[in-house]
Undergrad: 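This is the structure, below, for whatever I ask next.
Heads up: numbering here begins at 1 and tracks the sequence.
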Amino acid sequence: MTFGPLVTSEWLAREGNAADVVVFDASTYLPNEAKRGRDEYLKAHIPGARFFDIDAFSDPDTPLPHTVPSQGRFARLIAAEGVDNHCRVVVYDQKGLFSAARAWWLFRYFGHQHVAVLDGGLPKWLAEGRPSERGEPAVATGRTFTTNVHTRRLRGLGDVLEAIDREDSLILDARAANRFDGSTAEARPGVVSGHIPGSRNLPYSKLLRNDHTLQSPDTLRTLFAEAGVDGKKTVITSCGSGVTAAVLLLGLEVAGLPEAALYDGSWTEWGGRADTPKATGII
């Protein structure tokens with residue numbers, strides 16, 4: 001049965017109580033934002049939703065934020081939240097679509113295909129007058145989750161260094177234009193401004209309508225084509241720390257374009273090193 005990559009609020013209101021459906025609030029915020037995802041979750045979340053802590057579902061042994069955890073860590077943490085390989089997982093976030101796609105991508109990277117993003121997220125859900133609840137979720141019944149890693153969905157520093165010199169590769173940066181062109185400072189200490197040489201800028205926000213839902217497949221295909229996606233080049237997505245890069249991956253999926261990979265270290269790694277080439281300005 002095909003499930004995802006998006007579900008509507010109407011679908012979730014109808015199917016959300018099914019025994020095999022697990023809903024997660026996967027919200028996180030930028031370092032310069034005065035909010036924490038879990039705190040906001042405790043104030044209001046979709047009834048029955050659990051909190052997917054993106055920081056916890058990361059590698060604790062690297063200084064980089066949001067890098068992919070080990071297979072064992074992911075399997076242990078997600079099984080403790082009541083997810084097995086047969087569950088249908090729905091993820092959303094508090095901004096509409098910002099970090100939910102990162103959780104969606106992580107599930108797919110570890111081999112779980114029955115995962116979807118709630119189109120429009122919590123803002124659309126609440127705007128429609130749908131219910132919310134406060135506080136901690138009920139204790140989950142632990143299950144067993146088996147990973148099946150899809151390595152083609154992930155790229156590292158060396159892969160990107162090689163890709164910048166290849167005509168058959170395209171690096172898409174999901175950050176805002178003023179971060180991409182280097183005209184504004186990065187929020188993380190020690191990270192310079194600019195972008196990966198040869199990369200193209202497609203801010204993730206362009207993929208969204210005013211109600212935080214994804215643009216239509218036709219519009220998405222137009223946006224990607226304008227950014228250089230031709231269906232032939234191998235696409236690698238990047239951003240600040242590997243979060244909104246996943247929004248581009250979700251958009252590619254909805255648009256029916258070939259699957260791309262995510263550069264996990266993203267600009268935090270690239271812009272924080274002295275030995276990587278940098279560029280500024282708009283391409």
Undergrad: Does any donor atom in the side chain of E40 or Y29 lie under 3.5 Å from an acceptor atom in the other side chain?
TA: no
Undergrad: Minimum heavy-atom separation for P277 and I164, please, with both atom names.
TA: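 Scanning both residues completely, I find the closest heavy atoms to be CG-CD1, 4.1 Å.
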Undergrad: Around atom CG of N210, are there more than 12 heavy atoms from other residues, nucleotides or ligands closer than 6.0 Å?
TA: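 Not more than 12 within 6.0 Å, no.
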Undergrad: Say whether L257 and L262 are linked into one hydrophobic cluster, either directly or through other cluster members, by side-chain heavy-atom distances under 4.5 angstrom.
TA: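 Same cluster.
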Undergrad: Does NZ or CZ of R175 come closer than 6.0 Å to the centre of the six-membered ring of W267, within 45° of the ring's axis?
TA: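 Yes, R175 lies over the aromatic ring of W267.
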Undergrad: When rounded to the nearest 0.5 angstrom, what distance separates OH in Y263 from OG in S199?
TA: 11.5 Å
Undergrad: Go through it in stages, so that I can follow the logic: the residues are L97 and H212, the test is side chain to side chain contact (heavy atoms under 4.5 Å, CB included), and I'd like the CA-CA distance, side-chain angles, deciding distance and then a yes or no.
TA: CA-CA 6 Å; L97 183 52; H212 309 287; 5.6 Å; no
Undergrad: Would you say the rings of Y109 and H150 are close, in the sense that their centroids are separated by under 6.0 Å?
TA: no
Undergrad: Could you check V22 against V90 for side chain to side chain contact (heavy atoms under 4.5 Å, CB included), going step by step and ending with a plain yes or no?
TA: CA-CA 6 Å; V22 182; V90 177; over 6 Å; no
Undergrad: Side chains of T219 and S216 only: does a donor on one sit below 3.5 Å from an acceptor on the other?
TA: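 Side chains of T219 and S216: pair found under 3.5 Å.
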Undergrad: Parallel, tilted or perpendicular: which describes the rings of F107 and F145, with under 30° parallel and over 60° perpendicular?
TA: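 Rings of F107 and F145: perpendicular, as their planes differ by over 60°.
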Undergrad: Output yes when a side-chain donor or acceptor of Y92 lies under 3.5 Å from a complementary backbone atom of I46, and no otherwise.
TA: yes
Undergrad: Between the side chain of D165 and the main-chain N/O of E162, is any donor-acceptor distance below 3.5 Å?
TA: no
Undergrad: Any side-chain to backbone donor/acceptor pair from E133 onto G48? Under 3.5 Å, distance only.
TA: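 Side chain of E133 to backbone of G48: a pair is present.
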Undergrad: Short question: side chain of T237, backbone of A245 - any donor-acceptor pair under 3.5 Å?
TA: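 Yes; at least one donor-acceptor contact below 3.5 Å.
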Undergrad: Starting from V7, can I reach V115 by hopping between I/L/V/M/F/W/Y residues whose side chains sit under 4.5 Å apart?
TA: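 No, V115 does not connect to V7 through the hydrophobic network.
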Undergrad: List the steps and the verdict of salt bridge (charged side-chain N to carboxylate O under 4.0 Å, His left out) for R50 and E136.
TA: CA-CA 8 Å; R50 311 189 68 77; E136 296 283 355; over 6 Å; no
Undergrad: Establish whether L64 and I196 are linked, either directly or via other cluster members, by ILVMFWY side-chain heavy-atom contacts under 4.5 Å.
TA: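 Looking at the clustering, I196 is in a separate group from L64.
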Undergrad: Let's go through F24 and V83 carefully: what are the C-alpha distance in whole Å and the side-chain angles of both, what is the deciding distance for side chain to side chain contact (heavy atoms under 4.5 Å, CB included) to 0.1 Å, and is it a yes or a no?
TA: CA-CA 11 Å; F24 285 105; V83 177; 3.7 Å; yes
Undergrad: Would R130 and E10 count as a salt bridge (charged side-chain N to carboxylate O under 4.0 Å, His left out) if you check the C-alpha gap in whole Å, the side-chain angles of each, and the deciding distance to 0.1 Å?
TA: CA-CA 10 Å; R130 301 187 189 276; E10 291 79 12; 3.7 Å; yes
Undergrad: Quick one: do L250 and I54 end up in the same hydrophobic cluster if we chain Ile, Leu, Val, Met, Phe, Trp and Tyr together by side-chain heavy atoms under 4.5 Å apart?
TA: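 Same hydrophobic cluster.
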Undergrad: Atom CZ of R102 and atom CG of L249: how far apart are they, to the nearest 0.5 Å?
TA: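 One gets 10.0 Å once the value is rounded to the nearest 0.5 Å.
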Undergrad: Rounded to the nearest 0.5 Å, what separates atom CG in L42 from atom CG in D25?
TA: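 Here the interatomic distance stands at 9.5 Å.
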Undergrad: Are R73 and L77 packed together at the side-chain level, in the sense that at least one heavy-atom pair is separated by less than 4.5 angstrom?
TA: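 Yes - at least one pair of side-chain heavy atoms lies under 4.5 Å apart.
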Undergrad: Classify the ring geometry between Y41 and H45 as parallel (under 30°), tilted (30 to 60°) or perpendicular (over 60°).
TA: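 The arrangement is parallel - the two ring planes meet at less than 30°.
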Undergrad: For A103 versus A26, what's the shortest heavy-atom pair and its separation?
TA: CB-CB, 3.7 Å
Undergrad: Within the distance-only criterion (no hydrogens, no angle test), does the side chain of D55 pair as donor or acceptor with the backbone N or O of S58 below 3.5 angstrom?
TA: no
Undergrad: Classify the angle between the aromatic ring planes of F74 and F110 as parallel (below 30°), tilted (30 to 60°) or perpendicular (above 60°).
TA: parallel
Undergrad: Are L214 and L12 connected in the hydrophobic side-chain network, where two residues link if heavy atoms are under 4.5 Å apart?
TA: no
Undergrad: Between the main-chain N or O of G240 and the side-chain N or O of S266, is there a donor-acceptor pair closer than 3.5 Å?
TA: no
Undergrad: Restricting to non-hydrogen atoms, name the atom on A177 and the atom on P203 that form the minimum distance, rounded to 0.1 Å.
TA: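 The pair with the smallest heavy-atom distance is N-CG, 4.2 Å.
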Undergrad: Take K95 and E33 through the salt bridge (charged side-chain N to carboxylate O under 4.0 Å, His left out) test and state the conclusion after the steps.
TA: CA-CA 12 Å; K95 292 186 175 183; E33 292 179 294; 2.9 Å; yes
Undergrad: Under 6.0 Å between ring centres: does that hold for F52 and F57?
TA: yes
Undergrad: Is the shortest heavy-atom distance from the side chain of D119 to the side chain of W11 under 4.5 Å?
TA: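 Not touching, per the 4.5 Å side-chain cut-off.
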Undergrad: Looking at N17, I'd like to know if its CG atom is crowded, meaning that more than 12 non-hydrogen atoms belonging to other residues, nucleotides or ligands lie closer than 6.0 Å.
TA: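 Open: at most 12 neighbouring heavy atoms sit under 6.0 Å from CG of N17.
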Undergrad: Going by heavy atoms in the side chains, are L154 and V68 under 4.5 Å from each other?
TA: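 In short, these two side chains touch, coming nearer than 4.5 Å.
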Undergrad: Do any N or O atoms from the side chain of T147 and from the backbone of A75 form a donor-acceptor pair under 3.5 angstrom?
TA: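 Looks like no, no N/O pair under 3.5 Å.
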Undergrad: Measure across L126 and S132 and return the closest heavy-atom pair with its distance rounded to 0.1 Å.
TA: CD2-CB, 3.9 Å
Undergrad: Scan side-chain atoms only and decide if D211 and T213 contain a donor-acceptor pair under the 3.5 Å cut-off.
TA: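 Present: a donor and an acceptor within the cut-off.
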Undergrad: Are the side chains of L118 and V91 in contact, using a 4.5 Å heavy-atom criterion?
TA: no
Undergrad: Flag the pair L220 / L207 as yes when at least one side-chain heavy-atom distance between them is below 4.5 Å, and no otherwise.
TA: yes
Undergrad: Without hydrogens or angle criteria, can the side chains of S9 and E128 be said to hold a donor-acceptor pair below 3.5 Å?
TA: yes
Undergrad: Supply the atom-to-atom distance S238 OG to F180 CZ, rounded to the nearest 0.5 angstrom.
TA: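 The distance works out to 9.5 Å.
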Undergrad: For T244 and F98, run side chain to side chain contact (heavy atoms under 4.5 Å, CB included): C-alpha distance rounded to whole Å, both residues' side-chain angles, the deciding distance at 0.1 Å, then the answer.
TA: CA-CA 6 Å; T244 58; F98 174 72; 3.4 Å; yes
Undergrad: Would you check if L172 and L170 make a side-chain contact, meaning some heavy-atom pair closer than 4.5 Å?
TA: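 They are in contact (side-chain heavy atoms under 4.5 Å apart), so the answer is yes.
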Undergrad: In Å, rounded to the nearest 0.5 Å, how long is the span from NE2 of H112 to SG of C87?
TA: 6.5 Å
Undergrad: Evaluate the side-chain proximity of R179 to H195: yes if any heavy-atom separation is below 4.5 Å, no if none is.
TA: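 Sidechains of R179 and H195: no contact.
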Undergrad: Kindly give the heavy-atom pair with the smallest separation between P65 and T268, and that separation in Å.
TA: CD-CG2, 3.7 Å
Undergrad: Just so I know, are the side chains of L122 and D93 near enough to count as touching, which here means a heavy-atom distance under 4.5 Å?
TA: no
Undergrad: Give a yes or no on whether the backbone of G82 and the side-chain of R143 come within a donor-acceptor separation of less than 3.5 Å.
TA: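 Yes, the answer is positive, given that a donor and an acceptor are paired below the 3.5 Å cut-off.
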Undergrad: Roughly how far, to the nearest 0.5 Å, is CG of N85 from CD of Q113?
TA: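 Q113 CD to N85 CG: 11.0 Å, rounded to 0.5 Å.
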Undergrad: Do we see a donor-acceptor contact under 3.5 Å between the side chains of H66 and S241?
TA: yes
Undergrad: Under the salt bridge (charged side-chain N to carboxylate O under 4.0 Å, His left out) criterion, do E259 and R152 qualify, and how do the steps go?
TA: CA-CA 9 Å; E259 186 174 47; R152 68 180 184 276; 3.1 Å; yes
Undergrad: Does W125 use its side chain to pair, donor to acceptor, with the backbone of G120 at less than 3.5 Å?
TA: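 No; judged by distance alone, with no hydrogens or angles, the pair does not exist.
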Undergrad: Which heavy atom of S193 sits nearest a heavy atom of E186, and at what distance?
TA: OG-N, 3.8 Å
Undergrad: Below 4.0 angstrom, N of the basic side chain to O of the carboxylate: do K232 and D230 qualify?
TA: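 No salt bridge links K232 with D230.
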Undergrad: Assess, by modelled atom type and distance only, whether the side chains of T280 and K278 contain a donor and an acceptor separated by less than 3.5 Å.
TA: no
